[in-house]
Amino acid sequence: MSKKVVLHYFNGRGKMESVRWLLAVAGVEFEEVFLTKREQYEKLLNDGVLMFQQVPFVEIDGMQLVQSKAILNYIAGKYNLYGKDLKERALIDMYTEGAIDLMDQIITLPFTPPENKQKQLGNIEEKAKDRYLPAFEKGLKNSQFLVGNQLSRADVHLLEVILMLQELFPTILSTFPKIQAFQEKMKALPTVSKFLQPGSARKSPPDEAYLKTVKEVLSHFFK
């Protein structure tokens, strides 16, 4: 097994993008194996590396990790992005789960039937403005970080999700000054700045080619 970190997923965001973000912010180099054919997925199944027959799948430290939360927890713990104690970790988990809840709604949007997309967009915008962003704004009231006095995975996930939101709703942060300031500070971090540059491993918003590949490789999910 390779000593390098290897990500097995599609050439798109999906559930792997948060993994890419955490590794990039931690300054960890990784390789990617893109799933483009059904046969590749079936080989992973036959090799017995997909515990629950799902990707993302990550090779790291001699382990074969699946389930995105487990992967993210491991990376955050290894690279000091998980707080200084259990109490901070619990707070980080709360913010993280909120950010991922919102991200999941955005991730599934491209797969929504055309006749339902506008309604789903409206739901995402409403929940972001009324439920999620106010909580993050409050969390940043007295600190540049969501938890404690150092960068954590919660901050990384927040940056990722607000950038996704801005792609859909460019002015959505207009009434959230603390989040705006947070975004600028995060973008100035060297590893973040590098990941935001063209040519990095950061993926673009999903296009038709990505959707077609996912539906072909995971055809059993789309019957």
Side-chain angles (χ1 to χ4, degrees), residues 1-26 28-76 96-97 99-121 123-124 153 156-157 160-161 163-165 167-168 195-196 198-223:
M1 189 181 297
S2 172
K3 291 184 179 180
K4 296 180 180 178
V5 179
V6 182
L7 315 184
H8 298 258
Y9 200 69
F10 305 99
N11 187 12
R13 291 181 180 175
K15 286 286 192 177
M16 188 66 89
E17 191 71 354
S18 293
V19 176
R20 298 183 186 108
W21 265 100
L22 274 195
L23 289 170
V25 171
V28 180
E29 294 186 3
F30 55 87
E31 296 179 358
E32 298 198 70
V33 176
F34 296 127
L35 301 179
T36 60
K37 299 180 183 302
R38 174 78 181 177
E39 290 76 15
Q40 291 172 281
Y41 170 72
E42 290 175 344
K43 185 178 187 305
L44 292 176
L45 288 179
N46 293 332
D47 289 345
V49 298
L50 302 183
M51 184 182 291
F52 299 108
Q53 302 177 23
Q54 296 171 312
V55 288
F57 164 48
V58 174
E59 297 178 77
I60 183 171
D61 294 343
M63 297 188 296
Q64 298 173 326
L65 298 184
V66 294
Q67 295 298 104
S68 54
K69 287 183 182 178
I71 296 166
L72 292 167
N73 288 349
Y74 181 81
I75 294 168
T96 291
E97 289 301 309
I100 290 178
D101 281 350
L102 189 50
M103 273 191 267
D104 283 346
Q105 295 175 51
I106 299 172
I107 289 170
T108 59
L109 181 65
F111 297 94
T112 303
E115 63 271 19
N116 297 332
K117 274 192 178 177
Q118 204 55 43
K119 180 180 179 181
Q120 181 64 4
L121 262 176
N123 287 339
I124 292 170
R153 63 178 298 192
V156 179
H157 297 316
E160 181 186 1
V161 76
L163 290 172
M164 293 170 73
L165 282 169
E167 290 170 348
L168 299 174
F195 193 58
L196 291 174
S200 78
R202 185 181 181 222
K203 306 307 178 199
S204 301
D207 56 17
E208 288 302 319
Y210 168 76
L211 299 182
K212 183 173 182 287
T213 300
V214 172
K215 290 177 179 179
E216 288 178 356
V217 174
L218 301 180
S219 56
H220 57 293
F221 284 129
F222 294 94
K223 290 180 178 178

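- Counting heavy atoms from C-beta outward, Met16 and Val58 have side chains that approach closer than 4.5 Å.
- For the pair Glu42 and Lys37, the salt-bridge criterion is not met [side-chain N within less than 4.0 Å of a carboxylate O].
- In terms of heavy-atom proximity, Gly12 sits nearest to Arg20 at O-NH1, 2.8 Å.
- Using a 30° and 60° split on the angle between ring planes, Tyr41 and His220 fall in the parallel class, below 30°.
- Nearest heavy atom pair, residue Val55 against residue Leu44, reads CG1-CD1, 4.4 Å.
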What donor-acceptor contacts under 3.5 angstrom involve side-chain atoms of residues 110-117, with partners at least two apart or in another chain?
| residue | atom | partner | partner atom | Å |
| --- | --- | --- | --- | --- |
| Thr112 | OG1 | Thr108 | O | 3.2 |
| Thr112 | OG1 | Leu109 | O | 3.1 |

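- When side chains are defined from C-beta on, Gln120 counts as touching Gln105, because their heavy atoms get closer than 4.5 Å.
- Leu72 is listed as a side-chain neighbour of Val19, based on a closest heavy-atom distance under 4.5 Å.
- A heavy-atom distance below 4.5 Å is found between the side chains of Lys15 and Asp104.
- The closest side-chain heavy-atom distance from Ile75 to Val28 is not below 4.5 Å.
- Between Lys212 and Glu208 no salt bridge is recorded (no basic side-chain N to carboxylate O distance below 4.0 Å).
- Across every non-hydrogen atom of Tyr210 and Pro206, the tightest pair is CD2-CB, 3.4 Å.
- For the atom pair CZ of Phe195 and CG of Leu23, the computed distance is 9.0 Å after rounding to the nearest 0.5 Å.
- Distance alone, capped at 3.5 Å, is enough to place a donor-acceptor pair between the Gln40 side chain and the Phe34 backbone.
- In this structure, Asp207 has no salt bridge (charged side-chain N to carboxylate O under 4.0 Å, His left out) partners at least two apart in sequence or on a different chain.
- Rounding to the nearest 0.5 Å places CE of Met164 at 5.0 Å from CD1 of Ile107.
- Between atom CD of residue Glu167 and atom CD1 of residue Ile106 there is a gap of 8.5 Å, rounded to the nearest 0.5 Å.
- From Glu160, atom CD reaches atom CD of Glu17 across 6.0 Å, with rounding to the nearest 0.5 Å.
- For the pair Phe221/Val214, no side-chain contact is recorded, criterion being any heavy-atom separation below 4.5 Å from C-beta on.
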**OP:** Show the numbers, then the answer: is there a side-chain contact (heavy atoms from CB on, under 4.5 Å) between His157 and Trp21?
**Re:** CA-CA 8 Å; His157 297 316; Trp21 265 100; 6.0 Å; no

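- Of the listed residues (Lys4, Lys203, Arg202), just one forms a salt bridge (Lys or Arg N to Asp or Glu O under 4.0 Å) with Glu32, and that residue is Lys203.
- Here the closest non-hydrogen pair linking Thr96 and Arg153 is CG2-NH2, 3.5 Å.
- In this structure, Gly14 and Tyr9 approach most closely via the heavy-atom pair CA-OH, 3.4 Å.
- Minimum heavy-atom separation, Phe10 to Leu35: CD2-O, 3.4 Å.
- Atoms OG1 and CZ, on Thr213 and Arg38 in that order, are 13.5 Å from each other to the nearest 0.5 Å.
- Once rounded to the nearest 0.5 Å, the distance linking CG of Leu50 with CD of Gln67 reads 10.0 Å.
- Taking the side chain as every heavy atom from C-beta outward, Val49 and Val66 never approach each other to under 4.5 Å.
- If you run side-chain contact (heavy atoms from CB on, under 4.5 Å) between Glu31 and each of Val6, Val5, Leu7, only Val6 comes through.
- Residues satisfying the salt bridge (charged side-chain N to carboxylate O under 4.0 Å, His left out) test with Lys215, not counting sequence neighbours, are none.
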